[in-house]
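Here the structure comes first, spelled out in structure tokens, and everything after it is commentary.
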Number of protein chains: 2
Amino acid sequence: MPAKRSPARRPTMKDIARRAGVSESAVSFALNGRPGVSDVTRERVRRVAEQLGWRPSTAARALSGEGAATVGLVLARPADTLGVDSFFLQLVSGIQEVLAERHLGLLFQVVEGVPDECAVYRRWWAEHRVDGVLVVDPRTDDPRPALLDELGLPAVVIGGAPDERHPGLSTVWADDAGAMASVVDGLYALGHRRIVHIAGLSGLAHTERRIRTLRAEARRRGLTGVESITTDYSDAEGAAVTRRVLGSAAPPTALIYDNDVMALAGVATATELGFSVPADVSVVAWEDSALCRMVKPWLSALSRDSVEFGRTAARELTALLDGGAAGTVRVPVPRLIERESTGPARGT
Amino acid sequence: MPAKRSPARRPTMKDIARRAGVSESAVSFALNGRPGVSDVTRERVRRVAEQLGWRPSTAARALSGEGAATVGLVLARPADTLGVDSFFLQLVSGIQEVLAERHLGLLFQVVEGVPDECAVYRRWWAEHRVDGVLVVDPRTDDPRPALLDELGLPAVVIGGAPDERHPGLSTVWADDAGAMASVVDGLYALGHRRIVHIAGLSGLAHTERRIRTLRAEARRRGLTGVESITTDYSDAEGAAVTRRVLGSAAPPTALIYDNDVMALAGVATATELGFSVPADVSVVAWEDSALCRMVKPWLSALSRDSVEFGRTAARELTALLDGGAAGTVRVPVPRLIERESTGPARGT
DNA sequence: GAAGCACTCTAAAGCGCTTTAGTACCCGTG
DNA sequence: CACGGGTACTAAAGCGCTTTAGAGTGCTTC
């Protein structure tokens, strides 16, 4: 028979009440800063609680209507595309910073796709597990805002454009359109006329925003050799698309990759095909990371502060949980860090 | 005044009881597969529950002693070293797979260091938040096992060698020593005699295991130009150490990096210094990832299945939660994938 | 033909907290 | 001196579930 552990017992409010010689309700009032107890009693109770190492049971709190002191985050990505992206862990660590201050837990789940994600929200809601959620990777025709509205689950959408159809949701986003415009500006100024955008997952809101903006910028300037090609963000597809476009009759002179991993793969592929970066083709990565300074040539990249992005999102959510109104926050436009992978177009 | 949402009400067991015309206790028995109700009643109750979309409130469950249906994972790493590592997200996604099957939640927290981590465990325990935890990055002189033992919190240590002082904890680990020995074997056979190991964080159990093994292997073969240098896993330190050792009087002919990011930085640095890989210096990365195939030369790397590692750990934890005995599981030894960054030592 | 039993079900307590309603007391007022 | 009104506190209900102790059937059994 396995030796039974003797788990230390958790102190409860009843213990405090007994030690302090007051009723449980008095303890509750005292510890929650509510009126109804004198200052000296409050102090005494607080001391006893501290001394006993008491912490409120979230279960009991949640049950008596106080909420679960937890927010949820679900990542809908296939397991194998997860590892490479530095963005998420940074985002999460920013989120954590803010949540930790308020002793809010982060319930985390990774699933295969959006339908699964919706199921998770429903389950979390029914199980009383979370007080609110952070939604990432918003999409065009996204079912999630409507669902969260229906459930009455406070939520902030990270990376989506504000959506007036769901006024209950907050939004935190970066102006991809502005960033894309500035990148095109820069490349145009360097003489680039044929530009290919190796985009991320089709259907993601920010992917579509970038694609739309690129198209608009091209039209405005009368450029015809400009296109966007969507991928799954993997190095494999990044390489494959690069190979294809560089092998065409009139290859582009500039490539914009929607993440750092694809950009890296793209440079490797270009080099392999005999293209020199940036002499023959310029490369811009949309997402800066250590990776960009780990290969030669160093990659020019759009840099944003993902940790701060996470902090902002978490702050919005806590505001919502405190009963604040939903709002929209725009974080600074990603800034283009020019390194070695961009240069004047050949022949200018 | 902000429009109040009309949150859908969650169905409770009372609702089911009413609809099914039985008592709440009968519902509880029926839904939990306990004896005490007839099969036809059980079926009826189940149907009503399903129809109502009922899910047990974890708060209520936890309160009545059933546990929180949640396990915890805390990552003690400074925020900025987090993003680069592909290992964790893969581990987490493996963990999730197993937990999701059983509707267990994963409470996730990132903190600055081990003391904070201990505080989090205490808090989680006092708040009744988790039923068990997964501990990563075990260290030499690690305070965590003792703490978890004291709290009676089921735990599985990921990556540590089994520790007989805390029989309550399970362990899942890979045989770093064996892997290191095989790498040295391979390099030795290729003629390498001066080998530098750019190790990870000093104090981590697996770092120390690798270092010890390397030293033993060197001694066994009478090699003197062999050493380990610990780093913080960052590309910056990887590059710095590489620069230093390659600049020495008798530079090593083989470098073993404890992660993929440093290996990449190392190759870049070596190339910059005029060393050709693998002609002048061979490079092995301890951790395979897409990165290793994204630079030329492709990196030879020790590969393990991190997702499966996570699954195994999660399975051990659920076994523990089910009342099983603590155990030790050894996952397969990482395998060396030989690509282009390793070759015969110059002059052999 | 009453005792015993197995079976299905109900009542009620309890988990740790919050909150409402209520009690006891003290103070100043007219 | 009775009254109103505040302050400091307690009692008790309730959140949604589990679980123990019974209660009420219909069957066997000697």
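Chain identifiers are assigned alphabetically (A, B, ...) following the order of the sequence lines, protein sequences preceding nucleic acid strands; residue numbering begins at 1 within each chain.
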Asp322(A), CG: over 12 other non-hydrogen atoms inside 6.0 angstrom: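 Yes - once you tally the heavy atoms of other residues, nucleotides and ligands closer than 6.0 Å, there are more than 12.
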Assess whether atom CZ of Arg123(A) is packed by more than 12 heavy atoms of other residues, nucleotides or ligands within 6.0 Å.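 Yes, enclosed.
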Under-4.0 Å salt bridge between Arg315(A) and Glu97(A):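 No, Arg315(A) and Glu97(A) are not salt-bridged.
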Note: Arg47(B)-Glu50(B) ion pair, threshold 4.0 Å (strictly below):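 Salt bridge flag = no for Glu50(B) with Arg47(B).
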On a heavy-atom basis, which atom in [X] and which in [Y] lie closest, and how many Å separate them?
X         : Y         : value
Ala314(B) : Ile95(B)  : CB-O, 3.7 Å
Pro138(B) : Arg144(B) : CA-NH2, 3.4 Å
Arg10(B)  : Asp15(B)  : O-OD2, 4.2 Å
Ser306(B) : Phe87(B)  : OG-CD1, 3.4 Å

Over all strands shown, is [X] touching base, sugar-phosphate only, or nothing at heavy-atom distances under 4.0 angstrom?
X        : result
Glu66(B) : sugar-phosphate
Thr12(A) : sugar-phosphate
Ser25(B) : base

Kindly compute the distance separating CZ (Arg122(A)) from CG (Leu147(A)), expressed to the nearest 0.5 Å.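 Nearest 0.5 Å value for the CZ-CG distance: 5.0 Å.
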For Arg61(A) and for Ala60(B), locate the closest nucleotide of DNA chain C by heavy-atom distance; then report the residue assigned to the nucleotide nearer the 5' terminus.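 Counting from the 5' end, the first nearest nucleotide belongs to Ala60(B).
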Under 3.5 Å between N/O atoms: give me all the protein pairs with nucleotides 4-9 of chain C, atom names plus distance.
| residue | atom | partner | partner atom | Å |
| --- | --- | --- | --- | --- |
| dC9(C) | OP1 | Thr41(B) | OG1 | 2.7 |
| dC9(C) | OP2 | Ser38(B) | N | 2.7 |
| dC9(C) | OP2 | Ser38(B) | OG | 3.1 |
| dC9(C) | OP2 | Thr41(B) | OG1 | 3.0 |

All side chain to side chain donor-acceptor pair (under 3.5 Å) counterparts of Ser38(B), not counting sequence neighbours: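 With sequence neighbours excluded, Ser38(B) shows a side chain to side chain donor-acceptor pair (under 3.5 Å) to Thr41(B), given in chain and number order.
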Determine to 10° how strongly the helix from dG1(C)-dC30(D) to dG30(C)-dC1(D) is bent, judged from the axes of its five-pair ends.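 End-to-end axis angle for the helix from dG1(C)-dC30(D) to dG30(C)-dC1(D): 70°, rounded to 10°.
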Between protein and nucleic acid, restricted to nucleotides 23-27 of chain C and to nitrogen or oxygen atoms under 3.5 Å apart, what atom pairs and distances do you find?
none

Quick one: side chain to side chain contact (heavy atoms under 4.5 Å, CB included) partners of Asp131(A), sequence neighbours excluded?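 With sequence neighbours excluded, Asp131(A) shows a side chain to side chain contact (heavy atoms under 4.5 Å, CB included) to Ala68(A), Leu321(A), given in chain and number order.
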Answer yes or no: is there a donor N or O on one side and an acceptor on the other, between the side chain of Arg42(B) and the main chain of Phe29(B), under 3.5 Å?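 Indeed, once roles are kept as given, a pair shorter than 3.5 Å links the two residues.
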Along DNA chain D, first and last positions that approach a heavy atom of chain A under 4.0 Å: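 First-to-last contact on DNA chain D, by the 4.0 Å heavy-atom rule, is dA8(D) to dG16(D).
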Heavy-atom side-chain proximity of Leu31(A) to Arg46(A) below 4.5 angstrom: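 A side-chain contact exists here, since the closest heavy-atom pair is under 4.5 Å.
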